[in-house]
Amino acid sequence: MATKKSAARPKPSPTSPPPGASGRRYWLFKSEPTSYGFDRFQRDGRTSWNGVRNYQARNLLRDEIHEHDGVLFYHSNAAPMAVMGIARVVRAGYADQTAFDATSPYHDPDSDPDQPTWFQVDIACVAPFAQPVTRDRLKAVPELRQMVLLQRGSRLSVQPVTSAEWRTILRLGGVEESW
DNA sequence: GCCAACGTTGGC
DNA sequence: GCCAACGTTGGC
């Protein structure tokens, strides 16, 4: 029988959200606009998400994030902090090329090309939100209370989003579901 | 600018 | 393997 033990904080697992009806899964990528903002991403049309140097995020990039998955592009450390728009994964995890580049700030001499330590995925811009969905707005929506982004101490720069959260946020952003 | 939360490093 | 010190992230 269940006892008080179950009152121990159930830490929401940051891995493996169930796929949505489409089989596609959803993610949120954080970026500081001073380093790579959504404007720039829109102009580029496509980018490699590299330079991630955290093992939990690495595991997602390497194992979980697949072609066609949906991505929310989020501005962190910004005014305002907000989801700016959506992207789609166009290439699943492969070796993070910046790790092998001695001139890159993300260079990691310990990453072996035959057994890379770090991974990147490629994403393409799909659509900007009609208006960014700010962090304050997200916090005000009861259905989004469990979002990884909004959890205390959550710092993961690549994180899972449930299909319900995805739908809610697209609606707030004014983007049609069928993208 | 502050600082809580978290991850990593390195001495033991 | 423990854990204190340190560095980083990122919201406030």
Side-chain angles (χ1 to χ4, degrees), chain A residues 7-17 26-42 44 47-65 69-87 89 93 95-113 115-123 125 128-129 131-162 164-166 168-170 172-173:
Chain A
R9 186 99 47 90
K11 195 158 191 174
S13 164
T15 55
S16 290
Y26 305 99
W27 311 95
L28 179 145
F29 288 7
K30 285 184 200 171
S31 189
E32 303 199 10
T34 53
S35 111
Y36 190 81
F38 192 77
D39 294 356
R40 170 90 183 282
F41 178 46
Q42 269 191 284
D44 292 347
T47 196
S48 292
W49 208 260
N50 52 30
V52 175
R53 296 292 179 267
N54 166 283
Y55 287 101
Q56 204 175 346
R58 185 281 309 269
N59 292 345
L60 297 177
L61 291 168
R62 184 188 60 192
D63 305 327
E64 307 287 342
I65 302 179
D69 283 358
V71 173
L72 299 172
F73 193 111
Y74 176 80
H75 277 176
S76 63
N77 258 324
M81 291 177 279
V83 179
M84 303 302 293
I86 59 177
V89 177
D96 183 329
Q97 305 301 302
T98 63
F100 311 132
D101 177 0
T103 69
S104 169
Y106 303 119
H107 181 229
D108 180 359
D110 294 338
S111 184
D112 172 359
Q115 190 126 5
T117 308
W118 307 113
F119 284 74
Q120 65 186 49
V121 300
D122 292 351
I123 61 174
C125 190
F129 281 159
Q131 61 173 39
V133 180
T134 64
R135 183 180 184 88
D136 287 344
R137 186 102 189 275
L138 295 173
K139 284 195 290 192
V141 179
E143 307 113 84
L144 297 178
R145 214 161 275 157
Q146 299 303 316
M147 271 192 85
V148 174
L149 182 73
L150 301 181
Q151 302 314 300
R152 176 184 179 74
S154 170
R155 303 193 306 182
L156 209 53
S157 66
V158 169
Q159 53 179 251
V161 169
T162 68
E165 290 162 352
W166 172 265
T168 299
I169 293 166
L170 260 58
L172 294 173

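Protein chains get the first letters and strands the later ones, always in sequence-line order, with residue 1 at the start of each. What you see is a predicted model, and the numbers here were worked out from it, not measured in a lab.
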For residues 72-82 of chain A, which side-chain donor-acceptor pairs fall under 3.5 Å, sequence neighbours excluded?
| unit_1 | atom_1 | unit_2 | atom_2 | d |
| --- | --- | --- | --- | --- |
| Y74(A) | OH | R135(A) | NH1 | 3.0 |
| H75(A) | NE2 | F38(A) | N | 2.9 |
| N77(A) | ND2 | E32(A) | OE2 | 3.1 |

Report task. Could you list the residues that satisfy salt bridge (charged side-chain N to carboxylate O under 4.0 Å, His left out) with D44(A), not counting sequence neighbours? Result -> R40(A)

Query raised in the report: Considering residues at least two apart in sequence or located in another chain, which fulfil the side-chain contact (heavy atoms from CB on, under 4.5 Å) criterion with D110(A)?
Result: D108(A)

Report task. Kindly write out the residues that satisfy side-chain hydrogen bond (donor to acceptor under 3.5 Å, both in side chains) with D101(A), not counting sequence neighbours, or none if the list is empty. Result -> T103(A)

Filtered N/O pairs between nucleotides 5-8 of chain C and protein, under 3.5 Å:
| unit_1 | atom_1 | unit_2 | atom_2 | d |
| --- | --- | --- | --- | --- |
| dT8(C) | O2 | R155(A) | NH1 | 2.7 |

Requested in this report: With side-chain contact (heavy atoms from CB on, under 4.5 Å) as the test, would you mind laying out the steps for F100(A) and Y106(A) before giving the verdict?
Outcome: CA-CA 9 Å; F100(A) 311 132; Y106(A) 303 119; over 6 Å; no

Query - Separation of atom CG in L150(A) from atom P in dT9(C), rounded to whole Å - result: 20 Å

Report summary line: To the nearest angstrom, the NZ-C1' distance between K30(A) and dT9(C) comes to 7 Å

**Report entry** Interatomic distance where NE2 belongs to H75(A) and P belongs to dC12(C) [whole Å]
**Finding:** 17 Å

Report task. Calculate the interatomic distance between R135(A) atom CZ and dG10(C) atom P; express it in whole Å. Result -> 10 Å

Query raised in the report: Excluding sequence neighbours, so at least two apart, what forms side-chain contact (heavy atoms from CB on, under 4.5 Å) with D112(A)?
Result: D114(A), Q115(A)

Query raised in the report: Which comes earlier along DNA chain B counting from the 5' end, the contact point of R53(A) or that of N77(A), where each point is its nearest nucleotide?
Result: N77(A)

Query raised in the report: dT9(C) P sits how many Å from L28(A) CG, rounded?
Result: 17 Å

